[in-house]
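One structure is given below, encoded as C-alpha coordinates.
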There are 2 protein chains.
Amino acid sequence: MSVDRRKLIVDAASKSFALFGYKATTMDQVAKLANVGKGTIYTFFSNKEELFDEIMNRLIQEMKLVADGEYDANRSFFDNLNRILYKILDFREKHQLAMKMAHEVRDMGTPKALEGLNKLEGAILSYIQVKIQTAIDKRELKICDPEVTAFVMFKLYLALASEWQHSHSPLEKEKITELFQLYLMRGLAEG
Amino acid sequence: MSVDRRKLIVDAASKSFALFGYKATTMDQVAKLANVGKGTIYTFFSNKEELFDEIMNRLIQEMKLVADGEYDANRSFFDNLNRILYKILDFREKHQLAMKMAHEVRDMGTPKALEGLNKLEGAILSYIQVKIQTAIDKRELKICDPEVTAFVMFKLYLALASEWQHSHSPLEKEKITELFQLYLMRGLAEG
DNA sequence: GAGTGACCAAAAATGAAATATAGTCATATA
DNA sequence: TATATGACTATATTTCATTTTTGGTCACTC
(Lines give C-alpha, C1' and ligand atoms only; values in the text may rest on other atoms or scores of the structure.)
Protein backbone atom coordinates (compact mmCIF):
# COMPACT_ATOMS: atom_id res chain seq x y z
CA MET A 1 0.00 0.00 0.00
CA SER A 2 1.07 3.62 -0.48
CA VAL A 3 1.78 6.02 2.38
CA ASP A 4 -0.80 6.18 5.18
CA ARG A 5 -2.71 9.30 4.17
CA ARG A 6 -4.71 9.36 7.41
CA LYS A 7 -1.55 9.59 9.50
CA LEU A 8 -0.16 12.27 7.19
CA ILE A 9 -3.29 14.33 7.76
CA VAL A 10 -3.39 13.85 11.52
CA ASP A 11 0.30 14.71 11.88
CA ALA A 12 -0.01 17.82 9.74
CA ALA A 13 -3.13 18.94 11.60
CA SER A 14 -1.46 18.32 14.96
CA LYS A 15 1.42 20.60 14.08
CA SER A 16 -0.83 23.26 12.63
CA PHE A 17 -3.27 23.35 15.55
CA ALA A 18 -0.39 23.54 18.04
CA LEU A 19 1.39 26.22 16.03
CA PHE A 20 -1.44 28.43 14.84
CA GLY A 21 -4.46 27.45 16.95
CA TYR A 22 -7.90 26.25 15.88
CA LYS A 23 -9.13 29.20 13.93
CA ALA A 24 -5.94 30.04 12.09
CA THR A 25 -5.58 26.43 10.92
CA THR A 26 -7.28 26.11 7.53
CA MET A 27 -8.20 22.88 5.81
CA ASP A 28 -6.32 24.06 2.71
CA GLN A 29 -3.21 24.54 4.81
CA VAL A 30 -3.53 21.10 6.44
CA ALA A 31 -3.97 19.54 3.00
CA LYS A 32 -0.87 21.32 1.70
CA LEU A 33 1.17 20.42 4.81
CA ALA A 34 0.09 16.79 4.51
CA ASN A 35 0.76 16.74 0.75
CA VAL A 36 -2.78 15.59 0.17
CA GLY A 37 -5.77 16.91 -1.73
CA LYS A 38 -8.25 18.75 0.43
CA GLY A 39 -11.00 16.33 -0.50
CA THR A 40 -8.95 13.47 0.95
CA ILE A 41 -9.25 14.94 4.43
CA TYR A 42 -13.01 14.64 4.12
CA THR A 43 -12.79 10.90 3.35
CA PHE A 44 -11.41 10.41 6.89
CA PHE A 45 -13.04 13.22 8.86
CA SER A 46 -16.48 14.56 8.16
CA ASN A 47 -15.50 18.10 9.17
CA LYS A 48 -12.87 20.30 10.80
CA GLU A 49 -14.30 19.76 14.27
CA GLU A 50 -13.97 15.98 14.02
CA LEU A 51 -10.37 16.31 12.93
CA PHE A 52 -9.72 18.58 15.91
CA ASP A 53 -11.47 16.14 18.25
CA GLU A 54 -9.15 13.36 17.12
CA ILE A 55 -6.12 15.51 17.88
CA MET A 56 -7.43 16.42 21.34
CA ASN A 57 -8.28 12.79 22.10
CA ARG A 58 -4.75 11.83 21.12
CA LEU A 59 -3.31 14.41 23.49
CA ILE A 60 -5.52 13.15 26.31
CA GLN A 61 -4.62 9.54 25.58
CA GLU A 62 -0.93 10.38 25.42
CA MET A 63 -1.04 12.12 28.81
CA LYS A 64 -2.94 9.17 30.31
CA LEU A 65 -0.28 6.85 28.93
CA VAL A 66 2.51 8.89 30.46
CA ALA A 67 0.71 8.97 33.80
CA ASP A 68 -0.20 5.27 33.79
CA GLY A 69 3.33 4.36 32.76
CA GLU A 70 4.72 6.15 35.78
CA TYR A 71 2.02 5.07 38.24
CA ASP A 72 2.94 2.27 40.62
CA ALA A 73 0.19 0.97 42.89
CA ASN A 74 2.78 -0.18 45.43
CA ARG A 75 4.14 3.30 45.94
CA SER A 76 2.51 6.06 47.96
CA PHE A 77 0.13 8.65 46.55
CA PHE A 78 2.69 11.42 47.12
CA ASP A 79 5.44 9.48 45.46
CA ASN A 80 3.28 8.75 42.42
CA LEU A 81 1.97 12.30 42.26
CA ASN A 82 5.49 13.63 42.41
CA ARG A 83 6.86 11.42 39.68
CA ILE A 84 3.86 11.85 37.37
CA LEU A 85 3.94 15.61 37.84
CA TYR A 86 7.63 15.58 37.07
CA LYS A 87 7.11 13.51 33.95
CA ILE A 88 4.25 15.70 32.74
CA LEU A 89 6.34 18.81 33.31
CA ASP A 90 8.93 17.34 30.96
CA PHE A 91 6.38 17.52 28.18
CA ARG A 92 6.33 21.27 27.91
CA GLU A 93 6.48 20.87 24.13
CA LYS A 94 3.49 18.53 24.21
CA HIS A 95 1.70 21.16 26.20
CA GLN A 96 2.06 23.53 23.29
CA LEU A 97 -1.32 22.53 21.91
CA ALA A 98 -3.03 23.10 25.25
CA MET A 99 -1.16 26.39 25.70
CA LYS A 100 -2.15 27.55 22.24
CA MET A 101 -5.78 26.65 22.95
CA ALA A 102 -5.66 28.59 26.22
CA HIS A 103 -4.20 31.63 24.45
CA GLU A 104 -6.78 31.41 21.70
CA VAL A 105 -9.64 31.17 24.18
CA ARG A 106 -8.21 34.10 26.13
CA ASP A 107 -7.79 36.51 23.27
CA MET A 108 -10.18 35.35 20.57
CA GLY A 109 -12.75 33.29 22.46
CA THR A 110 -12.87 30.58 19.79
CA PRO A 111 -15.71 28.28 21.03
CA LYS A 112 -14.14 25.10 19.62
CA ALA A 113 -10.86 25.82 21.35
CA LEU A 114 -12.72 26.36 24.63
CA GLU A 115 -14.60 23.09 24.13
CA GLY A 116 -11.33 21.26 23.52
CA LEU A 117 -9.72 22.73 26.62
CA ASN A 118 -12.73 21.82 28.76
CA LYS A 119 -12.58 18.26 27.51
CA LEU A 120 -8.88 18.06 28.37
CA GLU A 121 -9.48 19.60 31.78
CA GLY A 122 -12.36 17.21 32.45
CA ALA A 123 -10.21 14.20 31.54
CA ILE A 124 -7.38 15.34 33.80
CA LEU A 125 -9.73 16.10 36.70
CA SER A 126 -11.46 12.75 36.60
CA TYR A 127 -8.10 10.96 36.34
CA ILE A 128 -6.81 12.73 39.44
CA GLN A 129 -10.12 12.24 41.22
CA VAL A 130 -9.92 8.46 40.97
CA LYS A 131 -6.36 8.40 42.30
CA ILE A 132 -7.40 10.62 45.19
CA GLN A 133 -10.32 8.34 46.09
CA THR A 134 -7.97 5.35 46.07
CA ALA A 135 -5.53 7.18 48.33
CA ILE A 136 -8.32 8.09 50.75
CA ASP A 137 -9.47 4.46 50.87
CA LYS A 138 -5.90 3.42 51.62
CA ARG A 139 -5.81 5.99 54.46
CA GLU A 140 -2.96 7.81 52.75
CA LEU A 141 -4.97 11.01 52.41
CA LYS A 142 -7.23 12.62 54.96
CA ILE A 143 -10.92 12.30 54.24
CA CYS A 144 -11.89 15.01 51.76
CA ASP A 145 -14.12 15.61 48.75
CA PRO A 146 -12.16 14.03 45.86
CA GLU A 147 -13.78 16.32 43.29
CA VAL A 148 -12.88 19.56 45.07
CA THR A 149 -9.44 18.19 45.89
CA ALA A 150 -8.73 17.24 42.29
CA PHE A 151 -9.89 20.70 41.25
CA VAL A 152 -7.58 22.38 43.76
CA MET A 153 -4.60 20.23 42.74
CA PHE A 154 -5.16 21.07 39.09
CA LYS A 155 -5.49 24.78 39.81
CA LEU A 156 -2.35 24.73 41.94
CA TYR A 157 -0.53 23.01 39.09
CA LEU A 158 -1.68 25.65 36.61
CA ALA A 159 -0.80 28.45 39.01
CA LEU A 160 2.77 27.22 39.56
CA ALA A 161 3.55 25.84 36.11
CA SER A 162 1.87 28.48 34.00
CA GLU A 163 0.39 31.56 35.67
CA TRP A 164 3.41 32.32 37.87
CA GLN A 165 5.58 33.06 34.87
CA HIS A 166 3.21 35.74 33.60
CA SER A 167 4.92 38.09 36.03
CA HIS A 168 8.00 36.18 37.22
CA SER A 169 10.73 33.96 35.84
CA PRO A 170 9.50 30.36 35.45
CA LEU A 171 9.90 27.91 38.33
CA GLU A 172 12.15 24.89 37.82
CA LYS A 173 10.21 21.65 37.65
CA GLU A 174 12.05 20.43 40.75
CA LYS A 175 10.84 23.56 42.53
CA ILE A 176 7.27 22.95 41.40
CA THR A 177 7.09 19.40 42.71
CA GLU A 178 8.74 20.56 45.94
CA LEU A 179 6.15 23.35 46.37
CA PHE A 180 3.36 20.89 45.63
CA GLN A 181 4.58 18.74 48.52
CA LEU A 182 4.92 21.69 50.86
CA TYR A 183 1.62 23.41 50.22
CA LEU A 184 -0.79 20.57 49.61
CA MET A 185 0.73 17.56 51.32
CA ARG A 186 2.63 18.53 54.44
CA GLY A 187 0.85 21.85 54.89
CA LEU A 188 2.32 25.18 55.94
CA ALA A 189 1.54 24.93 59.65
CA GLU A 190 4.68 24.66 61.78
CA GLY A 191 4.97 21.96 64.45
CA MET B 1 -21.64 75.06 51.23
CA SER B 2 -23.74 73.21 48.68
CA VAL B 3 -23.65 69.44 48.17
CA ASP B 4 -20.21 67.82 47.81
CA ARG B 5 -20.00 67.49 44.04
CA ARG B 6 -16.83 65.41 44.22
CA LYS B 7 -18.55 62.78 46.33
CA LEU B 8 -21.56 62.80 44.01
CA ILE B 9 -19.26 62.12 41.08
CA VAL B 10 -17.23 59.38 42.79
CA ASP B 11 -20.39 57.64 44.02
CA ALA B 12 -22.03 57.77 40.61
CA ALA B 13 -18.86 56.54 38.89
CA SER B 14 -18.48 53.73 41.43
CA LYS B 15 -21.94 52.43 40.69
CA SER B 16 -21.51 52.77 36.96
CA PHE B 17 -18.10 51.07 36.79
CA ALA B 18 -19.35 48.18 38.93
CA LEU B 19 -22.55 47.86 36.93
CA PHE B 20 -21.39 48.42 33.36
CA GLY B 21 -17.60 48.08 33.47
CA TYR B 22 -14.92 50.51 32.38
CA LYS B 23 -15.66 50.83 28.71
CA ALA B 24 -19.44 51.00 28.92
CA THR B 25 -19.27 53.75 31.53
CA THR B 26 -19.38 57.10 29.73
CA MET B 27 -18.52 60.45 31.23
CA ASP B 28 -21.88 61.78 30.04
CA GLN B 29 -23.61 58.99 31.93
CA VAL B 30 -21.60 59.62 35.10
CA ALA B 31 -22.43 63.34 34.87
CA LYS B 32 -26.13 62.59 34.48
CA LEU B 33 -26.11 60.01 37.30
CA ALA B 34 -24.32 62.48 39.58
CA ASN B 35 -26.64 65.33 38.56
CA VAL B 36 -23.66 67.37 37.55
CA GLY B 37 -22.45 69.00 34.36
CA LYS B 38 -19.86 66.97 32.47
CA GLY B 39 -17.33 69.78 32.74
CA THR B 40 -17.56 69.57 36.54
CA ILE B 41 -16.06 66.09 36.51
CA TYR B 42 -12.99 67.53 34.82
CA THR B 43 -12.50 70.08 37.61
CA PHE B 44 -11.80 67.15 39.96
CA PHE B 45 -10.30 64.52 37.66
CA SER B 46 -8.14 65.31 34.67
CA ASN B 47 -9.51 62.33 32.71
CA LYS B 48 -11.53 59.13 32.84
CA GLU B 49 -8.52 57.05 33.84
CA GLU B 50 -7.84 59.19 36.91
CA LEU B 51 -11.46 58.88 37.98
CA PHE B 52 -11.22 55.11 37.59
CA ASP B 53 -7.96 55.04 39.55
CA GLU B 54 -9.63 56.80 42.44
CA ILE B 55 -12.41 54.20 42.48
CA MET B 56 -9.92 51.31 42.41
CA ASN B 57 -7.83 52.90 45.16
CA ARG B 58 -10.96 53.24 47.26
CA LEU B 59 -11.73 49.56 46.78
CA ILE B 60 -8.18 48.60 47.75
CA GLN B 61 -8.26 50.89 50.77
CA GLU B 62 -11.64 49.53 51.83
CA MET B 63 -10.40 45.94 51.65
CA LYS B 64 -7.28 46.87 53.61
CA LEU B 65 -9.49 48.48 56.23
CA VAL B 66 -11.62 45.35 56.52
CA ALA B 67 -8.53 43.18 56.82
CA ASP B 68 -6.74 45.45 59.30
CA GLY B 69 -9.91 45.76 61.35
CA GLU B 70 -10.08 42.00 61.72
CA TYR B 71 -6.34 41.42 62.19
CA ASP B 72 -5.16 40.80 65.72
CA ALA B 73 -1.42 40.49 66.25
CA ASN B 74 -2.01 38.38 69.36
CA ARG B 75 -3.85 35.70 67.45
CA SER B 76 -2.29 33.06 65.22
CA PHE B 77 -1.73 33.46 61.49
CA PHE B 78 -4.34 30.77 60.77
CA ASP B 79 -6.88 32.36 63.01
CA ASN B 80 -6.38 35.77 61.42
CA LEU B 81 -6.37 34.33 57.92
CA ASN B 82 -9.57 32.50 58.62
CA ARG B 83 -11.42 35.48 60.05
CA ILE B 84 -10.19 37.92 57.41
CA LEU B 85 -11.08 35.48 54.64
CA TYR B 86 -14.50 35.07 56.18
CA LYS B 87 -15.01 38.81 56.41
CA ILE B 88 -13.85 39.39 52.84
CA LEU B 89 -16.18 36.66 51.60
CA ASP B 90 -19.05 38.59 53.17
CA PHE B 91 -18.37 41.44 50.78
CA ARG B 92 -19.53 39.63 47.67
CA GLU B 93 -21.37 42.83 46.68
CA LYS B 94 -18.20 44.88 47.11
CA HIS B 95 -16.49 42.38 44.87
CA GLN B 96 -18.87 43.34 42.10
CA LEU B 97 -16.44 45.91 40.73
CA ALA B 98 -13.58 43.41 40.69
CA MET B 99 -15.86 40.75 39.16
CA LYS B 100 -17.01 43.17 36.47
CA MET B 101 -13.41 44.08 35.70
CA ALA B 102 -12.48 40.40 35.44
CA HIS B 103 -15.40 39.77 33.09
CA GLU B 104 -14.51 42.78 30.98
CA VAL B 105 -10.89 41.71 30.71
CA ARG B 106 -11.95 38.18 29.85
CA ASP B 107 -14.36 39.03 27.07
CA MET B 108 -13.34 42.45 25.84
CA GLY B 109 -9.73 42.78 26.90
CA THR B 110 -10.15 46.42 28.00
CA PRO B 111 -6.57 47.43 28.89
CA LYS B 112 -7.61 49.87 31.63
CA ALA B 113 -9.74 47.19 33.30
CA LEU B 114 -6.75 44.80 33.20
CA GLU B 115 -4.51 47.48 34.67
CA GLY B 116 -7.00 48.07 37.48
CA LEU B 117 -7.26 44.37 38.25
CA ASN B 118 -3.48 43.99 38.28
CA LYS B 119 -3.19 46.86 40.71
CA LEU B 120 -5.78 45.26 42.99
CA GLU B 121 -4.06 41.89 42.75
CA GLY B 122 -0.69 43.45 43.47
CA ALA B 123 -2.06 45.21 46.55
CA ILE B 124 -3.62 42.00 47.87
CA LEU B 125 -0.48 39.97 47.20
CA SER B 126 1.86 42.36 48.96
CA TYR B 127 -0.54 42.59 51.91
CA ILE B 128 -0.60 38.81 52.29
CA GLN B 129 3.15 38.60 51.73
CA VAL B 130 3.91 40.82 54.71
CA LYS B 131 1.64 38.78 56.98
CA ILE B 132 3.29 35.58 55.81
CA GLN B 133 6.77 36.92 56.52
CA THR B 134 5.66 37.91 60.01
CA ALA B 135 4.23 34.43 60.58
CA ILE B 136 7.46 32.81 59.40
CA ASP B 137 9.49 35.01 61.74
CA LYS B 138 7.19 33.99 64.58
CA ARG B 139 7.80 30.32 63.66
CA GLU B 140 4.09 29.87 62.95
CA LEU B 141 4.68 28.97 59.33
CA LYS B 142 7.34 26.72 57.90
CA ILE B 143 10.14 28.52 56.09
CA CYS B 144 8.98 29.27 52.55
CA ASP B 145 9.18 31.94 49.87
CA PRO B 146 6.60 34.53 51.01
CA GLU B 147 6.03 35.78 47.46
CA VAL B 148 5.23 32.36 46.01
CA THR B 149 3.18 31.48 49.07
CA ALA B 150 1.11 34.66 48.83
CA PHE B 151 0.58 33.92 45.15
CA VAL B 152 -0.57 30.37 45.89
CA MET B 153 -2.93 31.52 48.64
CA PHE B 154 -4.48 34.10 46.36
CA LYS B 155 -4.92 31.60 43.53
CA LEU B 156 -6.44 29.07 45.90
CA TYR B 157 -8.85 31.74 47.08
CA LEU B 158 -9.87 32.59 43.52
CA ALA B 159 -10.22 28.92 42.63
CA LEU B 160 -12.54 28.15 45.54
CA ALA B 161 -14.49 31.41 45.74
CA SER B 162 -14.87 32.13 42.05
CA GLU B 163 -13.70 29.52 39.52
CA TRP B 164 -15.33 26.53 41.20
CA GLN B 165 -18.81 27.90 40.58
CA HIS B 166 -18.22 28.11 36.84
CA SER B 167 -19.09 24.43 36.71
CA HIS B 168 -20.51 23.64 40.15
CA SER B 169 -22.83 25.16 42.72
CA PRO B 170 -21.00 27.79 44.84
CA LEU B 171 -19.23 26.73 48.02
CA GLU B 172 -20.49 28.14 51.32
CA LYS B 173 -18.06 30.59 52.86
CA GLU B 174 -17.74 28.27 55.88
CA LYS B 175 -16.73 25.51 53.47
CA ILE B 176 -14.17 27.74 51.79
CA THR B 177 -12.38 28.69 55.00
CA GLU B 178 -12.48 25.03 56.08
CA LEU B 179 -10.91 23.90 52.78
CA PHE B 180 -8.28 26.61 53.09
CA GLN B 181 -7.28 25.15 56.44
CA LEU B 182 -7.24 21.60 55.15
CA TYR B 183 -5.30 22.11 51.94
CA LEU B 184 -2.82 24.81 52.79
CA MET B 185 -2.39 24.67 56.54
CA ARG B 186 -2.72 21.14 57.86
CA GLY B 187 -1.96 19.46 54.54
CA LEU B 188 -3.60 16.43 52.99
CA ALA B 189 -1.10 13.84 54.19
CA GLU B 190 -2.57 11.44 56.72
CA GLY B 191 -0.75 10.68 59.97
C1' DG C 1 -12.61 3.36 -6.71
C1' DA C 2 -9.34 6.10 -4.12
C1' DG C 3 -7.75 10.62 -4.61
C1' DT C 4 -8.23 15.30 -6.14
C1' DG C 5 -8.72 20.43 -6.73
C1' DA C 6 -11.94 23.70 -9.08
C1' DC C 7 -16.09 25.19 -7.34
C1' DC C 8 -19.91 27.09 -4.19
C1' DA C 9 -22.27 28.89 -0.24
C1' DA C 10 -21.35 30.76 4.04
C1' DA C 11 -18.43 33.02 7.18
C1' DA C 12 -15.00 36.41 8.11
C1' DA C 13 -12.04 40.42 6.97
C1' DT C 14 -12.02 45.10 5.27
C1' DG C 15 -12.77 49.85 5.10
C1' DA C 16 -15.54 53.94 4.53
C1' DA C 17 -19.40 56.37 6.34
C1' DA C 18 -22.16 57.16 10.45
C1' DT C 19 -22.31 57.48 15.31
C1' DA C 20 -20.70 57.97 19.98
C1' DT C 21 -17.35 59.55 23.38
C1' DA C 22 -13.51 61.91 25.89
C1' DG C 23 -12.12 66.12 26.80
C1' DT C 24 -12.35 71.65 26.09
C1' DC C 25 -13.82 76.25 26.78
C1' DA C 26 -16.73 80.33 26.11
C1' DT C 27 -20.62 81.47 28.59
C1' DA C 28 -23.97 81.35 32.41
C1' DT C 29 -24.95 81.54 37.21
C1' DA C 30 -24.79 82.39 42.02
C1' DT D 1 -15.52 86.64 40.37
C1' DA D 2 -15.62 81.71 41.66
C1' DT D 3 -17.61 77.77 40.07
C1' DA D 4 -20.40 75.19 37.20
C1' DT D 5 -21.97 74.04 32.77
C1' DG D 6 -23.28 71.88 28.20
C1' DA D 7 -22.64 72.93 23.27
C1' DC D 8 -18.67 71.89 20.62
C1' DT D 9 -14.58 69.36 18.48
C1' DA D 10 -11.33 65.96 17.47
C1' DT D 11 -10.83 61.24 18.08
C1' DA D 12 -12.34 56.69 18.78
C1' DT D 13 -15.84 53.24 17.97
C1' DT D 14 -19.62 51.07 15.53
C1' DT D 15 -22.09 49.90 11.44
C1' DC D 16 -22.68 47.80 7.26
C1' DA D 17 -22.00 47.02 2.32
C1' DT D 18 -18.36 44.94 -0.24
C1' DT D 19 -14.57 41.87 -0.81
C1' DT D 20 -11.92 38.00 0.56
C1' DT D 21 -11.26 33.71 2.77
C1' DT D 22 -12.65 29.20 4.18
C1' DG D 23 -15.21 24.84 5.11
C1' DG D 24 -17.18 21.55 2.60
C1' DT D 25 -18.76 19.15 -2.06
C1' DC D 26 -18.54 16.53 -6.16
C1' DA D 27 -17.57 15.77 -11.07
C1' DC D 28 -13.59 14.17 -12.78
C1' DT D 29 -8.91 11.82 -13.10
C1' DC D 30 -5.54 8.20 -12.79
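Lettering of chains follows the sequences in order, A, B, ..., and the numbering in each one begins at 1.
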Of the nucleotides C/dG3, D/dT25, C/dA22, which has the atom closest to the A/Tyr42 side chain? D/dT25

Please answer whether the main-chain N or O of B/Ser76 pairs with a side-chain N or O of B/Asn80 as donor and acceptor at a distance below 3.5 Å. yes

Please report, rounded to the nearest Å, how far the P atom of D/dG23 is from the NZ atom of A/Lys38. 7 Å

Nearest-Å distance, CZ (B/Phe44) to P (D/dT5)? 10 Å

Partner nucleotide of C/dA13 by Watson-Crick or wobble geometry (both distances under 3.5 Å): D/dT18

Pair of N/O donor and acceptor under 3.5 Å linking D/dG24 base with A/Lys48 side chain: no

Whole-Å distance, A/Gln29 CD to D/dT21 P, equals 14 Å

The side chain of A/Thr26 lies closest to which of these nucleotides: D/dT22, D/dC8, D/dT5? D/dT22

Over 12 non-hydrogen atoms of neighbours within 6.0 angstrom of CD in B/Glu174: yes

Answer yes if B/Phe154 and B/Ile88 sit in the same cluster of Ile, Leu, Val, Met, Phe, Trp and Tyr residues linked by side chain heavy atoms under 4.5 Å apart, and no otherwise. yes

Given the 90°-from-0 boundary between syn and anti, C/dA2 should be labelled anti

State the pairing partner of D/dA2; accept Watson-Crick or G-U wobble contacts with both distances under 3.5 Å, and report none otherwise. none

If you assign each of A/Thr40 and A/Asp28 to its closest nucleotide in DNA chain C, which residue comes earlier from the 5' end? A/Thr40

A/Thr43 side chain: which of C/dT4, C/dT21, D/dT5 is closest? C/dT4

Return yes if some donor-acceptor pair links the side-chain N/O of A/Glu104 with the main-chain N/O of A/Lys23 below 3.5 Å, else return no. yes

Output the rounded distance in Å from CD1 (B/Ile41) to C1' (D/dT3). 15 Å

Rounding to a whole Å, what distance do you find between B/Met27:CE and D/dT9:C1'? 17 Å

Regarding B/Lys23, tell me which of base, sugar-phosphate or nothing describes its non-hydrogen contacts under 4.0 Å with the strands shown. sugar-phosphate

Rounded to the nearest 0.5 angstrom, the CZ-CD1 distance for B/Arg139 and B/Ile136 is 10.0 Å

Rounded to whole angstroms, how far apart are CZ on B/Arg6 and P on D/dT3? 15 Å

Of all the nucleotides listed (D/dG6, C/dG5, C/dT4), which has the minimum atom distance to the side chain of A/Arg5? C/dT4

Take A/Gly39 and B/Met108, find for each the nucleotide of DNA chain D with the closest heavy atom, and name the residue whose nucleotide sits nearer the 5' end. B/Met108

Calculate the interatomic distance between A/Asn35 atom CG and C/dG3 atom P; express it in whole Å. 14 Å

Just how far, in rounded Å, is C1' of C/dT4 from NZ of A/Lys32? 13 Å

